[in-house]
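Worksheet: one structure, shown below.
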Protein chains: 4
Amino acid sequence: MHWMLVFAVLPFHFGLFAAGPLDGITDVAGVRVAHVTKVEGTDIRTGATAVLPNADPWDHKVSAAFFAFNGNGELTGTHWMEESGYLEEPVVLTDTLDVGRASDGVVSWVIEHHPHVGRGDDVPLPVVGECDDGLLNDIQARAVGAGDVVSLLDSAKPGQFARGSVGAGTGMNAFGFRAGIGSASRVLPTDAGGYHVGVLVNDNTSSSRRQLTIVGVPVGERLRNEYRAVFPKPVSLKGRLGSGSIIIVVATDAPLDSRQLRALALRASMGMARTGLTSSVGSGDLIVAFSTSRIFERTADFTVAGPSAPILENDDTLNALYSATAEAAQAAIYDALFEATTMTGRGGVTVYALPVDRVLSMLRDAGAISGP
Amino acid sequence: MHWMLVFAVLPFHFGLFAAGPLDGITDVAGVRVAHVTKVEGTDIRTGATAVLPNADPWDHKVSAAFFAFNGNGELTGTHWMEESGYLEEPVVLTDTLDVGRASDGVVSWVIEHHPHVGRGDDVPLPVVGECDDGLLNDIQARAVGAGDVVSLLDSAKPGQFARGSVGAGTGMNAFGFRAGIGSASRVLPTDAGGYHVGVLVNDNTSSSRRQLTIVGVPVGERLRNEYRAVFPKPVSLKGRLGSGSIIIVVATDAPLDSRQLRALALRASMGMARTGLTSSVGSGDLIVAFSTSRIFERTADFTVAGPSAPILENDDTLNALYSATAEAAQAAIYDALFEATTMTGRGGVTVYALPVDRVLSMLRDAGAISGP
Amino acid sequence: MHWMLVFAVLPFHFGLFAAGPLDGITDVAGVRVAHVTKVEGTDIRTGATAVLPNADPWDHKVSAAFFAFNGNGELTGTHWMEESGYLEEPVVLTDTLDVGRASDGVVSWVIEHHPHVGRGDDVPLPVVGECDDGLLNDIQARAVGAGDVVSLLDSAKPGQFARGSVGAGTGMNAFGFRAGIGSASRVLPTDAGGYHVGVLVNDNTSSSRRQLTIVGVPVGERLRNEYRAVFPKPVSLKGRLGSGSIIIVVATDAPLDSRQLRALALRASMGMARTGLTSSVGSGDLIVAFSTSRIFERTADFTVAGPSAPILENDDTLNALYSATAEAAQAAIYDALFEATTMTGRGGVTVYALPVDRVLSMLRDAGAISGP
Amino acid sequence: MHWMLVFAVLPFHFGLFAAGPLDGITDVAGVRVAHVTKVEGTDIRTGATAVLPNADPWDHKVSAAFFAFNGNGELTGTHWMEESGYLEEPVVLTDTLDVGRASDGVVSWVIEHHPHVGRGDDVPLPVVGECDDGLLNDIQARAVGAGDVVSLLDSAKPGQFARGSVGAGTGMNAFGFRAGIGSASRVLPTDAGGYHVGVLVNDNTSSSRRQLTIVGVPVGERLRNEYRAVFPKPVSLKGRLGSGSIIIVVATDAPLDSRQLRALALRASMGMARTGLTSSVGSGDLIVAFSTSRIFERTADFTVAGPSAPILENDDTLNALYSATAEAAQAAIYDALFEATTMTGRGGVTVYALPVDRVLSMLRDAGAISGP
């Protein structure tokens with residue numbers, strides 16, 4: 001466990017708010033995460049990651065919202081999320097061409113636990129997001145099957161979890177470095193309610209290397225010509241390193257309604273902006289935000305009860321949540337870069353990890369972080 | 001062919017605009033439709049329907065828009081449609097629990113025709129919509145497979161096509177009658193450009209029987225206590241006859257951009273309203289609209305060229321298109337009711353077709369339609 | 001008072017729900033309405049109308065939502081309404097060129113009652129909507145002043161109010177007939193909560209005469225060539241009779257949040273559709289909906305308390321509210337036509353009122369309404 | 001002129017793109033700006049600023065879009081901008097309580113130049129945005145009159161213009177410093193079309209002082225306890241220093257449609273985020289973006305012709321525009337801070353300007369900027 005704590009959190013801290021003990025989305029009580037990673041042969045570099053607001057969101061729907069900062073991507077299930085104001089499915093992330101299979105897996109999992117769905121009970125509308133890992137992964141192979149997703153969802157649990165090149169993050173790249181799953185959290189002071197905000201990202205954003213900024217330091221500009229990906233054979237990069245996507249999941253235990261959670265989703269985009277990322281035409285920069293403390297319970301007769309908690313309406317606390325969300329999203333993107341590892345994949349392409357020690361030196365030299 | 005024309009179009013006409021020769025979405029040149037129908041044993045009553053703006057929308061993307069009138073449903077692929085302003089996939093409709101499998105089938109079909117997707121070329125984001133046919137169909141069986149959808153897409157062709165209880169419409173019900181696929185078209189006068197508008201619906205709306213209004217005549221009120229569905233065993237109808245959904249696809253050959261097509265989608269909802277339908281909390285009333293004459297061509301190097309046609313900016317013509325869209329949507333919903341047939345399905349449940357002759361008499365008696 | 005009750009409501013009833021005692025928006029307890037009418041000389045035919053959710057919405061903000069069905073018009077103050085989920089101003093309707101002056105009047109009125117606004121207290125963002133009455137009114141004269149609006153707001157009161165060619169409705173036309181202010185209400189059965197929905201419209205929609213449909217009867221088609229407006233001098237009608245707008249205000253005492261009220265606003269558009277109206281390119285068809293029973297109280301230190309009531313989450317009741325809203329909106333549009341009177345205005349233009357007796361005969365003959 | 005150039009641009013440069021010669025929104029050819037400043041007695045500290053896409057936007061409407069990042073504010077005229085996809089009015093900025101009067105002034109100005117408006121020609125829907133300057137200004141006095149706005153619009157001209165505490169920026173504050181009007185521009189390389197992006201902001205954002213970050217340097221944290229505003233008498237700051245707003249106007253000469261301009265508006269929010277600003281609950285962070293090269297001409301018979309230019313559809317160029325917009329927005333916010341001057345206003349409150357020399361030293365010491 002000690003090992004996990006050391007490696008699974010960002011090796012520096014920034015911002016106005018403290019991080020939670022896990023510095024991850026699971027600092028929001030009840031939230032569960034799991035990964036399935038597919039690294040097979042020379043060409044399969046993919047996987048899937050699940051985030052659940054609680055053990056059974058079908059029975060315990062949670063207040064939720066969605067915002068597409070740039071829509072070149074998929075996150076299914078958003079029409080109902082926006083209409084109902086709640087999330088009643090796990091959020092599953094995978095590669096672009098496996099969205100259908102993952103969605104089918106979610107259906108199987110819901111049926112397994114709720115045998116009446118589509119037979120008196122309502123029908124599930126899976127929430128599956130994607131990023132394109134075709135640079136390192138043979139995405140046409142569709143290596144993630146429906147069965148993998150059933151197992152994935154059964155394995156989700158609270159507590160610490162792996163980051164970087166795992167699960168849906170296995171084949172991801174950002175700013176020309178390896179990236180993938182990142183996470184971070186922030187905790188409000190007790191006099192602002194002591195609420196938690198946790199963010200998990202699957203970071204496949206590219207933007208140009210030059211734009212990467214870490215806590216204000218132009219790291220990308222300084223590493224502009226180093227650690228460039230290696231392509232044994234000439235390869236068309238149209239829509240590959242030049243484009244990219246990020247899925248952002250924001251969780252909080254503050255009792256917010258869908259309107260307020262949409263505001264949180266927008267603040268997550270501010271964290272994204274502070275990393276230097278521009279959100280390109282070819283990006284699927286899709287954000288979902290939910291509150292674990294405003295629950296719509298499923299009743300025995302398959303109807304839905306009103307939300308369990310009144311909404312928060314204090315400007316100062318909300319503003320703190322907004323700032324904390326932006327910080328956590330920014331930190332989660334850094335986390336994805338700091339945890340990812342160099343990988344060689346399809347066609348012998350190699351993408352390098354961020355040189356963590358050099359970057360930490362740069363940050364220290366600039367006075368942006370302190371410590372050894 | 002005569003037989004088809006007689007049975008596949010609504011037996012009366014209304015509105016300010018003429019219908020096209022097929023009185024269907026395929027009156028818009030280039031549009032292709034196909035169905036796969038699954039009626040197996042006592043419990044499988046489902047299928048899938050495809051609508052394509054042209055033979056290969058991946059290469060010939062078309063200006064498009066989306067509007068969720070009520071979002072308790074799924075139509076995937078809309079984030080990119082809204083961001084790009086175009087549609088580059090077929091629109092596939094099926095039952096709710098087969099969305100993932102159908103989506104996987106669309107991926108297979110695109111790969112088959114475009115082997116570079118995900119390998120230099122971009123990745124497809126399937127557009128799959130659903131309605132819940134669990135009243136008549138064993139929806140958990142997920143009878144529509146990915147392979148069915150590949151065949152479906154290969155079989156799509158221009159010209160007349162079947163309506164009613166076929167394809168994705170196989171298990172549908174509306175206003176307590178059998179429903180499913182309906183279609184209609186309207187043609188603008190030559191001095192308004194002679195443009196065509198075609199609508200295809202998969203109608204599973206319920207609202208109450210009493211609300212059904214056909215060209216102004218309160219047919220539902222008059223048939224309030226007749227032709228009620230028969231349930232051999234008591235069955236929970238929560239979210240079944242009491243709820244429902246409609247997917248509406250609007251096609252036009254007028255050169256419109258996504259902003260204008262969103263306005264057309266809203267006018268389709270006006271046609272929906274004129275049938276008496278209210279769009280309930282449990283409805284997935286999702287509308288997609290596209291223009292076949294404003295094309296974004298895919299280039300040899302996998303980029304996208306600017307749209308092929310300037311947009312229409314004449315208010316009178318646009319207003320005529322708006323009215324024609326509302327008329328075609330209203331007619332398409334009636335068509336679904338008039339073409340559907342009585343069916344017995346899962347658990348011995350029987351849902352009756354609209355009594356066409358009685359209804360036509362009512363309409364004639366009220367002076368709402370003329371003819372024998 | 002008896003006279004008022006007889007003349008101020010639609011002379012027939014339709015739909016699934018009963019009308020309230022006033023058949024108007026003021027059937028929702030607490031709602032207040034007032035008019036100021038400006039008919040001066042030969043050319044001034046304008047005015048303003050106010051709708052307040054309660055006596056002081058600045059102190060008692062109410063849950064609210066906005067939807068632009070077609071945006072060629074103005075309703076100010078909607079960004080904050082959408083962000084906050086509440087309405088904290090009166091809704092004031094007037095002619096297009098007087099929006100600024102009316103807005104200034106609202107500011108004066110709020111300052112008068114809340115001397116700290118902008119001095120420690122927040123600042124008001126007026127909610128002012130418009131329709132273009134330039135056909136009958138010398139709109140450039142801007143006859144409605146800020147002072148008129150202060151008086152208007154002071155005079156608003158619960159209870160019955162005038163409809164037709166009064167207030168903001170003074171110069172309005174719809175379907176080529178005189179129109180203006182209309183209102184209607186619906187009451188849910190006791191077992192569905194007994195909630196009220198009231199609608200007030202300022203109807204200046206034109207669409208073509210031919211499209212006017214009253215409870216299913218194609219009245220416009222039958223009166224196609226009669227009661228046409230008279231123009232002493234040739235006049236450009238571009239953007240006049242050929243276009244038009246409608247502002248719709250929906251009030252309910254059901255405790256709904258902004259997300260649900262947006263759904264109500266969409267259902268009001270369904271009522272609009274059932275009158276035959278298409279919503280043209282040149283229309284400002286803008287809808288605001290609020291709930292009088294979900295209140296955000298202003299506190300002594302100028303902050304806002306959380307909403308006073310949990311939201312309703314019962315599908316059957318919500319569906320009834322949806323249907324009732326569509327009915328009330330449809331009835332309110334008819335009411336505007338039935339209450340309006342023939343008027344001669346700017347340049348000697350005469351627009352005729354709907355021939356009420358003839359229309360009632362048509363409706364009776366078609367069996368659409370009963371009674372003498 | 002030399003003097004202007006020295007003082008009206010930011011004293012450092014950052015980012016991937018060069019600034020235009022004026023480093024302001026008027027680097028986009030045709031764009032015009034004007035200010036009217038009201039500094040009277042001890043308590044009036046307000047004004048208005050106009051931005052025009054060309055000399056007469058009523059005749060030469062320009063492709064446009066709107067996005068409300070946080071909606072606690074007003075920018076009128078957005079429903080029609082969103083429906084039509086164009087802007088046909090000047091954008092006028094002023095204080096919150098003068099929106100109505102400014103709107104009335106815009107109407108007067110349009111009538112003056114287009115005597116047929118509301119008399120055959122369409123009616124103007126003014127575009128007026130606001131920020132609350134009640135901390136330094138007696139906002140209830142409503143010092144900006146309709147006549148001021150007519151003069152303002154007549155005086156708008158291309159070329160360099162004043163920044164900082166002028167026009168609508170007169171009473172503004174941000175991060176606890178004086179702020180107001182800022183502007184900046186970026187020019188794309190010739191091989192990316194050589195397009196220009198210019199941004200003008202009226203910056204009244206507060207967020208906390210501590211969040212201010214200038215090109216990555218945590219300037220706000222370092223000046224946390226200095227240059228704090230001075231209040232001679234205790235004053236309620238609820239909704240004052242703790243809240244705030246920003247209006248952002250983005251102009252480009254790249255031919256974009258409204259959908260693409262909305263994407264530019266979102267990228268402006270990324271620039272906003274990079275200054276450390278969080279966009280609080282009480283902020284009206286409203287963004288309008290327009291293209292001067294995609295024009296909808298008004299015809300002699302008062303109709304509107306289709307857009308003059310096909311849209312740009314090259315991903316690389318669009319991505320460069322996105323990045324350039326974020327850079328220009330970030331720079332414009334810094335410009336507002338660097339140009340503003342210390343001011344004493346209503347009730348003797350003093351707000352200090354950013355200590356420019358100290359801040360430049362900090363930036364140089366951190367290696368964030370170079371030069372003397």
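Lettering follows sequence order; numbering is per chain, from 1. Quick caveat, the model's predicted, so the values are computed rather than measured.
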Open item on the list: Heavy-atom pairs under 4.5 Å with chain B: which of A:Ile111, A:Leu286, A:Asp95 has the most?
Closed with: A:Ile111
Open item on the list: Heavy atom to heavy atom, less than 4.5 Å: which residues from residues 76-84 of chain B reach chain A?
Closed with: B:Thr76, B:Gly77, B:Thr78, B:His79, B:Trp80, B:Glu83
- [ ] May I ask you to decide if B:Val117's main-chain N or O and A:Gln140's side chain share a donor-acceptor pair within less than 3.5 Å?
- [x] yes
TODO: Against chain B, label A:Pro126 side chain, backbone, both or neither, depending on which of its atoms sit under 4.5 Å from a heavy atom there.
DONE: backbone
- [ ] Return the option, out of B:Gly100, B:Gly105, B:Pro115, B:Gly347, with the maximum number of heavy-atom pairs under 4.5 Å with chain A.
- [x] B:Gly100
- [ ] Calculate, to the nearest 0.5 Å, the distance between atoms OG and CZ belonging to B:Ser103 and A:Arg101 respectively.
- [x] 10.5 Å
Open item on the list: Looking at chain B, which one of A:Asn70, A:Thr96, A:Val110 has the largest number of heavy-atom pairs inside 4.5 Å, strictly under?
Closed with: A:Asn70
- [ ] For A:Arg142 and B:Asp104, indicate whether the former's side chain and the latter's backbone hold a donor-acceptor pair under 3.5 Å.
- [x] yes
- [ ] Please state whether the side chain, the backbone, both or neither of B:Pro124 comes within less than 4.5 Å of a heavy atom of chain A.
- [x] both
TODO: Pick one of side chain, backbone, both or neither for B:Leu125, based on which atoms fall under 4.5 Å of a heavy atom in chain A.
DONE: side chain
TODO: Can you sort out the partners of A:Glu74 under salt bridge (charged side-chain N to carboxylate O under 4.0 Å, His left out), two or more places apart, ordered by chain and number?
DONE: none
